[in-house]
Amino acid sequence: MGIFDKFADLLEQTKTLSSFGQSPAGLKFEKILSPTEAMLNGKRTILLGTNNYLGMTFDEESVQCAIEALKSEGTGTTGSRVANGSYNGHKALEEDIADFYGMHTAILFSTGYQANLGAISALAGRGDYLLIDADSHASIYDACRLSDAQVIPFRHNDADNLNRKLKRLENEPGSKLIIIESIYSMLGDMVPLQDFVDVKNKHDNTYLLIDEAHSLGVLGDKGRGLCEHVGVEDDIDFITGTFSKSIGTVGGFLVSNHKEMDIVRLASRPYMFTASPPPSVVASARQTLSTVAAATDKRKQLWENATQLYTGLKNAGYELGPTISPIVAIRLQDPEKAIALWNGLLEAGIYTNLALPPATPFGWYLLRSSISAAHTSEQIALAVELCTKIGVELGLITLSNSKKANIELVSVKDETKPAALNGSSEKRPRAKAEPKSAALPKADGSAARA
Amino acid sequence: MTSAPLHNEDDGVSAIVSEIQTQLRTRVSAEIPVEPGTHITRDLGLDSLAIMDFIFDLEDSFDISIPMERIAEVQTVADLAKAISTLRKEAA
Ligand SMILES: Cc1ncc(COP(=O)(O)O)c(C=O)c1O
């Protein structure tokens, strides 16, 4: 008997996974070439699973700001803000976030995971109730374990189910905190936000927290996310978010219009007992965040790209998530074929994410991709073509199914050549064959239930 | 074991057990027996998502909410029935 015995099943699973080719959790990129390309196993590979929605990781000004901060303030803060004090940048970034959302107070965390952990565990205490969507991100489930509140999950995206649960709590004195996400990270489906706001407003002492991790910079005219897109920002109590996706660096935040917010810092263990973000990270986050509101062209491009990928794969005959979004997931039942598709794409120079149960809804095996504004339409077309070709070979889709089989399955060309044009420049050429419409989700989020 | 006799101070627990059995029957294959002592996560071949879905259905049948920490204490069908019975009394 030993301490590692409990991992026997897990070990077996990872061995099985890697016996089909690459190990999904063990990839190592030798060189990152741009927001959309990297070298993997000596091959130029298109990155189609990095949450780099606006393609900002190599933004020159952001990089420059980080370098200057590194030089002037050093490599790290070596402590928490509560114990060791804040730097100018921490305060300034919090003000930037609050201004960006037009809200009273923002609190900076070291990651988005910690933002959820720290916000939720502090806000919901003993005697309170946490009502969480059943498909919540791991950071939300972990926050529940850290909180002393009672945790009541409700059916995914089901505002009526939530309403029934809130009704049953009507005579309980504790506060009720509802936790939802704007775009769910596995299938890219959206919360029917207006329905949830309506339910929240029906009940006393009930608050709504939304994690906008995948929608910051992605939705809304000014990029503030789904709440802006739907027009319900005044009804939202708390927003959490991350800098690790559209902002292209690392860090997380909680922002709110509640005036009492500052005290949360001193009740939040994931805020107090970990080192604050380093100056370089803060500097690039500030720089990139300052560009988000005006990044309308990038957002438009992002949704056009998402539409191209989604419709391409749909026409090929794949089963996808319910709505077009920058997260496009192919739903598969057969684990071996899912792994084979993922490996086949990698060998052909396309990197996607393989998501496995229990992290996925309904026990599906998901080939999850996330699109960037920096992808070129050539890169996306190639990804669709390869998914189609390999999917046909694996018997996942049939040619008759795939309406677009007229993309005459050109076999993969010389693999040493760049897979497609480098997508790092904003002024990159784009093919004329643009998708017709950059379909944004309907404002009531109803697309999520389609 | 927590799957102790159900009939002492029954409090409708056996009726709850039958409802649970009915709901589980629609989810597990016919050859798997569903008894008060059946271990829900181990014996039924249901994954965690299927179990969650089953719990949501039970909540609607009994008009209660089952908090996660209560679920964590449940192992058998009988445990679940008792938890539901307690929650109904608390709600009354
Ligand atoms: C919905 C959601 N919330 C929070 C996080 C955590 O973000 P971070 O990477 O900043 O820790 C993620 C990313 O994995 C996420 O998908």
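Below, chain A is the first sequence line, B the second, and so on; all start at residue 1.
- You'll find the side chain of B:E59 reaches within 4.5 Å of the side chain of A:K165, heavy atoms only.
- Of all the heavy atoms in A:V151 and B:E69, the pair that sits closest is N-OE1, 3.6 Å.
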Practice item. Apply the test side-chain contact (heavy atoms from CB on, under 4.5 Å) to residues A:R168 and B:D63: give CA-CA distance (whole Å), side-chain angles for both, the deciding distance (0.1 Å), then the verdict. Key: CA-CA 8 Å; A:R168 292 176 195 134; B:D63 192 25; 2.9 Å; yes

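- When heavy atoms are compared at a cutoff of 4.5 Å, B:I64 approaches chain A solely by way of its backbone atoms N, CA, C and O.
- Rounded to the nearest 0.5 Å, atoms CD (A:Q150) and OG (B:S65) are 9.5 Å apart.
- The candidate with the highest count of non-hydrogen atom pairs below 4.5 Å against chain A, out of B:I71, B:I66, B:D57, is B:D57.
- Atom CG of B:D60 and atom CG of A:D160 lie 10.0 Å apart (nearest 0.5 Å).
- For A:R269, the CZ atom is loosely surrounded, since the number of other residues' heavy atoms within 6.0 Å does not exceed 12.
- In this structure, chain B has a heavy atom under 4.5 Å from the side chain of A:N161, while its backbone stays farther away.
- Using a 4.5 Å cut-off between heavy atoms, B:S48 contacts chain A through its side chain alone, with no backbone atom that close.
- Side-chain atoms of B:M68 and A:I152, non-hydrogen and from C-beta on, never get closer than 4.5 Å to each other.
- Taking both residues in full, the closest heavy atoms of A:F154 and B:F56 are given as C-CZ, 3.5 Å, listed atom of the first, atom of the second, then distance.
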